[in-house]
J.: 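Next up is a structure, given as structure tokens.
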2 protein chains.
Amino acid sequence: MNSNQYLQAAELHCERRGCKLTALRKQVLELVLRHEGVVKAYQVLADLQKERGAAAPPTVYRALDFLVEQGLLHRVDALNGFIVCDHFECQHESMILVCETCGKVQEVDVMAALNGLRDVAQAADFTLSHQNLMLTGLCKACRV
Amino acid sequence: MNSNQYLQAAELHCERRGCKLTALRKQVLELVLRHEGVVKAYQVLADLQKERGAAAPPTVYRALDFLVEQGLLHRVDALNGFIVCDHFECQHESMILVCETCGKVQEVDVMAALNGLRDVAQAADFTLSHQNLMLTGLCKACRV
DNA sequence: GGCTTGATGTTATACAGTAACATGCGTTCC
DNA sequence: GGAACGCATGTTACTGTATAACATCAAGCC
């Protein structure tokens with residue numbers, strides 16, 4: 001799926017969910033797409049300023065929050081960053097693997113394996129939300 | 001284990017690992033212990049200032065980083081906070097459950113359940129580090 | 001004593017995120 | 001058409017989180 005296809009699909013996805021991927025939101029999504037892996041809010045802000053002049057933090061944060069809500073982006077807490085989710089259509093639970101060395105990020109599906117964790121949480125009287133796990137380790141390239 | 005016992009055990013733990021739980025570090029650890037659940041760095045800083053006058057952010061962050069490295073504290077990325085780990089002695093992999101509603105945090109052991117995730121990561125050519133999972137959901141009290 | 005090493009102090013600043021209010025703009029309802 | 005509403009965006013100012021860089025201090029070693 002190329003960038004344009006993605007944006008089109010994203011637009012449809014939003015419509016189906018009863019909200020609008022406005023020009024600004026689309027532009028922010030596009031800026032995130034342009035980077036590989038994790039992007040920081042202030043990076044997006046800088047990019048946005050290059051493209052449309054003045055822009056303040058709230059502009060970017062609002063768009064990013066929206067995109068996360070729609071499932072188009074994931075927030076990576078450990079890095080204060082955001083990554084594109086490229087399978088927002090399907091119900092999924094994914095695990096986000098963050099390489100300690102190079103910082104690269106990949107997302108893998110993990111529906112089945114999560115059940116074990118869900119059981120443990122349940123035993124502790126805790127109900128897991130639908131969510132994305134974030135785990136750290138070493139990616140193939142950084143493993144010696 | 002009460003607070004004093006904990007601090008003593010922590011001191012020993014550090015010595016065994018070839019480093020020192022200095023007076024400052026001990027004081028910071030104590031301040032974290034005093035709170036239930038997650039504490040913020042700047043909260044600790046404020047507490048520290050009350051006890052010893054002037055103190056700047058790096059003082060606290062350095063101590064907190066040290067304590068995390070030694071396994072005495074866990075960082076809770078999603079909340080920009082820290083919690084005490086009360087079983088730093090044993091090799092463990094734990095899952096930290098953060099309630100979306102009340103923000104309370106609990107830590108449960110999850111050695112076994114993690115293996116499923118490890119397998120999935122391995123299949124994606126990714127080696128998980130020894131780590132603590134952080135998951136969100138609803139605790140018993142907040143579930144209606 | 002003089003040197004090294006690691007911990008702490010200090011100053012300044014970078015980076016992350018939000019509150020609060022103003023403005024614009026399309027829809028609906030009359 | 002135009003009033004009223006709701007939502008997106010713009011703007012200002014601020015709060016909160018974290019670190020770089022350099023200065024100082026204290027303990028151990030030769």
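These figures come from a predicted structure and were not determined experimentally. Below, chain A is the first sequence line, B the second, and so on; all start at residue 1.
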J.: Which whole-number value in Å describes the distance from Leu48(A) CG to dA8(D) P?
T.: 17 Å
J.: Measuring only between side-chain heavy atoms, which start at C-beta, is Arg62(B) closer than 4.5 Å to Leu24(B)?
T.: no
J.: What is the distance, rounded to the nearest whole Å, between atom CD of Gln49(A) and atom P of dG10(D)?
T.: 12 Å
J.: Return yes if a side-chain donor-acceptor contact under 3.5 Å exists between Gln8(A) and Asn4(A), otherwise no.
T.: no
J.: When you measure from the side chain of Glu51(A) to the backbone N and O of Leu48(A), does any donor-acceptor pair fall under 3.5 Å?
T.: no
J.: For nucleotides 3-18 of chain C, read 5' to 3', which letter fits each nucleotide if B means a protein heavy atom sits under 4.0 Å from the base, S means only the sugar-phosphate is that close, and - means neither?
T.: ----SBBBB----BBB
J.: Report yes or no: does Gln106(B) contribute a side-chain atom to a donor-acceptor pair with the main-chain N or O of Leu97(B) at less than 3.5 Å?
T.: no
J.: Hey, can you pull the residues of residues 26-36 of chain B with a non-hydrogen atom under 4.0 angstrom from DNA chain C?
T.: none
J.: Are any side-chain N or O atoms of Lys26(A) and backbone N or O atoms of Ala10(A), one a donor and one an acceptor, separated by less than 3.5 Å?
T.: no
J.: Looking only at heavy atoms, what is the nearest atom pair of His13(B) and Gln70(B), with distance?
T.: NE2-O, 2.7 Å
J.: State, with a plain yes or no, whether a side-chain heavy atom of Asn80(B) is found less than 4.5 Å away from one of Arg75(B).
T.: yes
J.: Looking only at heavy atoms, which two atoms of Tyr6(B) and Cys85(B) are closest? And how far apart?
T.: OH-O, 2.9 Å
